[in-house]
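Let me begin by presenting the structure, written as structure tokens, before commenting on it.
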Amino acid sequence: MNRPRADEEEYWHSSKCRAFTFDDEDDELCQLKESKRAVNSLRDIVDDEEDELEKVSWSGEPVGSISWSIKETASSSSTSPEGRDSSLQKGSSSNAALPKQVSSYSLSSLFKGRNKLPSLQSLSDALSDTGVKNYAPELRRPKAEYKDYSSDWSPKDTVRRMQRGKVCSLERFRSLQDKLVLLDEAVAGHDGNVITAVLIFLKRTLRREILFRELEVRQVALCHLIHFLKETGEQKMLLDLLRFLDRTEEVALSQYREHLNIQDVEKKREFLKGCIGLPFSPEDISHIQDHYTLLERQIIIEANDRRLETAGQSEIFQKYPRKASILNMPLVTTLFYSCFYHYTEAEGTFSSPTNLKKTFKIPDKQYVLTALAARAKLRAWEDVDALFTTKNWLGYTKKKAPIGFHRVVEILQRNNAPVQVLQEYVRLVEDVETRLNLATKYKCHDVVIDTYRDLKDRIQLMAYKCKVERGSAEEEKINSILNNTQIRWKN
Amino acid sequence: MASAARHDVPEPPDFDILKRLARDQLIYLLEQLPGRKDLFIEADLMSPLDRIANVSILKQHEVDKLYKVESRPALSTSDQLCFLVRPRVKTMKYIADIVNADKMSGRSRKYKIIFSPQKFYACEMVLEEEGVFGDVTCDEWSFYLLPLDEDIISMELPEFFRDYFLEGDHRWINSVARALQLLNSLYGPFSRAYGIGRCAKMCYELWRDLEEESEGDSQGRNPEIGSIFLMDRDTDYVTALCSQMVYEGLVDDTFRIKCGSVDFGPEVTSSDKSVKVLLNAQDKVFSQIRNEHFSSVFGFLSQKSRNLQAQYDRRRGMDIKQMKNFVSQELKGLKQEHRLLSLHIGACESIMKKKTKQDFQEMIKAEHSLLEGFDIRESTSFIEEHIDRLSPRRCPPSRACLNPKDYRSLKTQYLQSYGPEHLLTFHNLKRIGLLTEQAAGETLTAVESRVSKLVTDRAAGKITDAFNSLARKSNFRAISKKLGLIPRLDGEYDLKVPRDMAYVFSGAYTPLSCKIIEQVLERRGWQGLEEVLRLLGGPEFSEAALSVPRPAGCRFIFLTTAVTSSGRLMEAMAEPRS
């Protein structure tokens with residue numbers, strides 16, 4: 001452990017950051033574990049009154065919380081009406097156990113008291129017309145309120161009133177110029193809600209082409225209209241607008257976006273097919289094409305595999321039943337799936353990994369990573385082996401990986417590869433420090449021993465002897481190396 | 001955020017008033033619909049509502065059953081329906097469908113919509129179009145500000161970011177102005193205002209407008225908040241996109257803090273149930289470690305657990321009376337501390353496990369070198385590899401110099417790994433300026449490249465965005481040099497005794513936004529920062545209404561439209577399915 005740590009420190013030092021690591025075996029985690037043990041040992045002293053503590057509160061608002069209650073309603077509403085009522089009772093009975101919220105109580109009773117007095121009832125009714133939205137009305141009653149009953153507002157005052165949430169008729173803005181002045185005032189007022197309100201009015205009272213033309217020189221208002229059309233789902237007008245503005249790429253993307261809302265895969269496939277001709281940027285066209293091809297493939301694979309699975313004759317599907325359908329999954333997921341279920345298929349079939357690789361021009365690195373993960377998951381170590389073995393023209397085999405072998409080791413380890421398999425790849429890690437680090441971590445003794453021997457590092461080798469089992473083959477190996485007089489130790 | 005008290009710093013104002021006001025107004029609004037009623041609540045209003053009220057309060061005001069506003073039809077049998085919603089077109093259609101279905105079946109009920117924080121004309125338009133205008137009554141619940149902690153107030157409007165910065169919609173500016181007005185009336189008057197960014201400026205102007213209209217009775221009061229500083233999110237994306245290194249940030253990354261509380265799952269609680277924990281200054285353990293660099297947290301926790309052990313040990317050798325005292329006075333506190341301690345230790349463990357799995361170290365390394373502008377090639381291939389491996393996590397915001405070829409290949413690999421529909425996400429990132437492709441022939445422009453996870457579920461994965469060259473973004477390097485954001489120092493940066501705010505990113509980077517605020521407050525204005533302003537490109541303003549002496553120390557209170565993180569920013573860029 002000494003070496004890697006020292007090395008890491010050096011690295012962190014050089015990159016100007018201190019040696020803080022998330023390494024598994026770091027002291028800090030030990031410290032943490034220590035603390036955990038200490039705290040857990042206290043548990044039996046503490047646990048006796050836990051229930052009481054739970055209710056009191058420190059954990060937030062557990063029982064009476066609104067989210068909790070809604071979950072209750074949701075779960076009960078699917079059952080019978082009686083069930084619903086009982087859940088209600090459950091809710092209220094647990095509420096009774098909660099501490100009462102005094103402050104709100106007092107205020108609400110204040111309101112209630114007020115309502116009982118007939119003379120004040122009308123007051124509260126009257127209030128609901130104007131001042132309801134202010135909880136501290138005295139702090140924000142506008143100076144200009146007395147003018148409320150006049151109707152001849154200037155564009156500026158109209159905008160101002162609308163900003164304050166007051167109803168205002170826009171019908172008297174009939175000339176184009178009046179409308180535009182109103183719009184410009186709304187934009188100058190910074191309140192998007194009002195800008196949209198004016199736009200709704202203009203949209204209703206102006207021919208499209210006129211509206212579009214005027215908006216072209218009013219970018220802020222234009223953004224509002226586009227957003228409004230997106231939100232209300234007026235796709236046709238949105239596309240007309242974007243076309244008018246010559247934003248062809250956005251036209252294409254907006255149309256493509258609709259596929260997100262199509263549930264049926266066949267319909268989606270048809271839709272995507274139609275998207276291929278849209279004016280995307282040159283680089284995006286290939287992505288759209290790929291999207292279509294991918295879904296097309298997935299539909300074929302899905303139909304085929306579902307049949308195989310239900311027939312129950314395919315061993316792999318019986319052993320590892322599919323957890324979800326492959327439809328609408330990303331390409332890499334599809335590749336993983338195909339490496340998992342269809343690894344040995346010939347390139348001619350749509351579901352074979354090599355076919356996918358070729359069709360979608362998947363880079364080597366990507367392919368190897370995915371295939372490795374899939375085969376390792378199945379513990380098909382020969383396939384893993386084959387994945388990295390290359391033959392040169394003399395017929396010698398050699399291991400090669402487009403990704404670093406340390407990555408290979410990591411993935412294998414995560415899939416619980418046996419030491420014999422792991423060892424083989426740890427040995428191939430080029431960087432000596434990383435190799436030692438990994439070998440030590442995953443107990444590939446042979447690799448550690450050989451590496452120290454190659455480094456002629458007697459001291460480390462002797463230190464390592466303590467880590468291997470007494471009387472094991474590894475210990476013997478270390479001894480024989482240490483006794484080898486031919487090695488010229490560096491220390 | 002809340003930090004250990006310093007003596008020259010004023011106490012934070014009492015923000016509980018905000019909660020009480022919101023609660024009282026809600027009660028008032030509920031009473032506008034007298035009698036028993038069912039309440040439908042918009043999903044993203046549930047957590048904020050939980051912070052100010054609870055079921056028993058609602059029941060006291062004759063709320064019968066609670067439902068979530070969702071796409072399924074409502075099963076309510078009540079004669080009065082009340083909807084507590086955000087002003088959204090989609091929600092209006094949902095409500096209109098309910099009303100119209102009732103009409104079809106000849107059923108008559110009362111409907112009330114309570115918009116929070118305000119209603120939009122577009123919503124009323126939908127109600128009108130659907131033919132239900134007049135059948136429903138509308139109200140506004142001005143619940144603008146939710147205090148999440150003693151110094152953090154949130155408007156809980158995550159859609160602000162997308163609406164303004166992506167869509168260019170100004171609809172929330174009025175809400176921000178009103179929030180400022182409320183804050184000013186309760187804790188002001190603000191004597192100084194500074195700001196940077198187009199949006200900040202508009203909010204400020206609209207707020208001033210509102211103030212002018214109202215009869216200011218706040219003059220002459222002693223302000224609890226003296227100065228305000230408004231800043232646009234896009235002034236400083238880099239900080240939000242960097243990997244979190246302090247405890248609170250990592251808890252958020254790992255477990256997602258929602259509305260100031262977090263759900264710790266079984267792996268943290270070491271039992272079979274999850275617990276919801278409120279993370280704020282009241283949590284005595286959390287409040288001491290939240291701002292610490294993660295590396296200092298373990299030491300603190302182990303010290304704390306030793307102390308706890310010692311306190312329990314005191315029981316030995318106590319006589320009956322002492323024991324009685326101990327049980328009645330100290331035991332409860334100790335128990336609580338014990339629970340908190342074991343939760344935070346559990347959380348630390350989970351964070352460690354997750355980060356170890358993710359090559360966090362390598363990622364930080366890549367991120368730092370990209371911030372500094374070194375080893376770009378290597379970092380790009382690091383990002384690439386993580387996209388290839390579908391790692392359910394995010395990679396660094398990188399300042400890479402991506403040529404069009406690199407950009408294209410990263411994009412292709414991203415789409416292959418996380419789904420072709422992210423083509424739309426890329427387009428959005430481009431529009432917002434978080435991602436730019438270096439034009440061919442253009443030499444050395446900094447490009448922020450970043451891979452970030454989109455959502456926690458693995459399928460959605462992460463996103464690459466390469467940021468830059470849009471005039472302002474490419475200036476990051478220049479700004480960073482000008483303000484000294486990347487500390488140049490010899491030797492190690494001691495995280496346990498941080499010398500400046502760069503410690504939050506392990507000493508590799510000082511948050512730009514914080515640096516700007518520091519500079520402006522020191523100069524009491526923008527003088528001398530002209531060069532930086534030119535690089536940032538946003539309009540700035542500063543105004544002093546009153547001349548007040550410079551305070552000895554200041555306390556910062558954060559008001560945000562929504563608490564964000566790199567994950568959340570990236571999620572906001574994905575196209576939603578409707």
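So that the names make sense, note that chain A is the first sequence line, chain B the second, and so on, each numbered from 1.
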- Query: Looking at side-chain heavy atoms only, is the closest gap between A:Y256 and B:P420 below 4.5 Å?
  - Reply: yes
- Note on the structure: Here the pair of heavy atoms bringing B:T412 nearest to A:H287 is OG1-CE1, 3.5 Å
- Query: Please walk me through it: do B:F120 and A:T196 pass side chain to side chain contact (heavy atoms under 4.5 Å, CB included)?
  - Reply: CA-CA 9 Å; B:F120 286 148; A:T196 306; over 6 Å; no
- Query: Is the closest side-chain donor-acceptor distance between B:E421 and A:H259 under 3.5 Å?
  - Reply: no
- Query: Which region of A:I288, side chain (C-beta onward) or backbone (N, CA, C, O), has a non-hydrogen atom less than 4.5 Å from a non-hydrogen atom of chain B, or is it both or neither?
  - Reply: side chain
- Message: Applying the salt bridge (Lys or Arg N to Asp or Glu O under 4.0 Å) criterion to A:E231, which one of B:K93, B:R88, B:R171 satisfies it?
- Response: B:R171
- Item | Gap separating the CZ atom of A:R257 from the CG atom of B:L423, nearest 0.5 angstrom | 13.0 Å
- Which pair of heavy atoms, one from A:N193 and one from B:Y121, lies closest together, and at what distance? OD1-N, 2.8 Å
- Item | Side chains of A:R160 and B:D209 in contact at under 4.5 Å (non-hydrogen atoms) | yes
- Considering all heavy atoms of both residues, which atom of A:H227 and which atom of B:D163 are nearest to each other, and what is their separation? CE1-OD1, 3.3 Å
- Using non-hydrogen atoms only, which part of A:F336 is less than 4.5 Å away from chain B: side chain, backbone, both, or neither? neither
- Item | Atom pair CD/CZ of A:E283 and B:F426 - distance to nearest 0.5 Å | 9.5 Å
- Query: What part of A:E250 is in contact with chain B, defined as an atom under 4.5 angstrom from a non-hydrogen atom: side chain, backbone, both or neither?
  - Reply: side chain
- Is there a donor-acceptor pair under 3.5 Å between the side chain of A:H224 and the backbone N or O of B:H170? yes
- Query: Looking only at atom types and distance, does a side-chain atom of B:N174 sit under 3.5 Å from a main-chain N or O of A:G192, one as donor and one as acceptor?
  - Reply: no
- Residue A:I200 versus chain B: region with a heavy atom under 4.5 Å: side chain
- Message: Please report the interatomic distance CD(B:Q413) to CD(A:Q366), rounded to the nearest 0.5 Å.
- Response: 6.0 Å
- Message: Please give me the minimum heavy-atom distance between B:S417 and A:P330, naming the atom from each residue.
- Response: O-CB, 3.3 Å
- Query: Between B:R178 and A:Q163, which heavy-atom pair has the shortest distance, and what is it?
  - Reply: NH2-O, 3.1 Å
- Item | Salt bridge present between A:K230 and B:D169 (N-O < 4.0 angstrom) | no
- Item | Between B:Q118, B:H427, B:M202, the one whose heavy-atom pairs under 4.5 Å with chain A are most numerous | B:M202
- Query: Could you walk me through whether A:L331 and B:L415 pass the side chain to side chain contact (heavy atoms under 4.5 Å, CB included) check?
  - Reply: CA-CA 8 Å; A:L331 175 61; B:L415 298 182; over 6 Å; no
- Item | Minimal non-hydrogen separation, A:F228 against B:A122, with atom names | CE1-CB, 3.9 Å
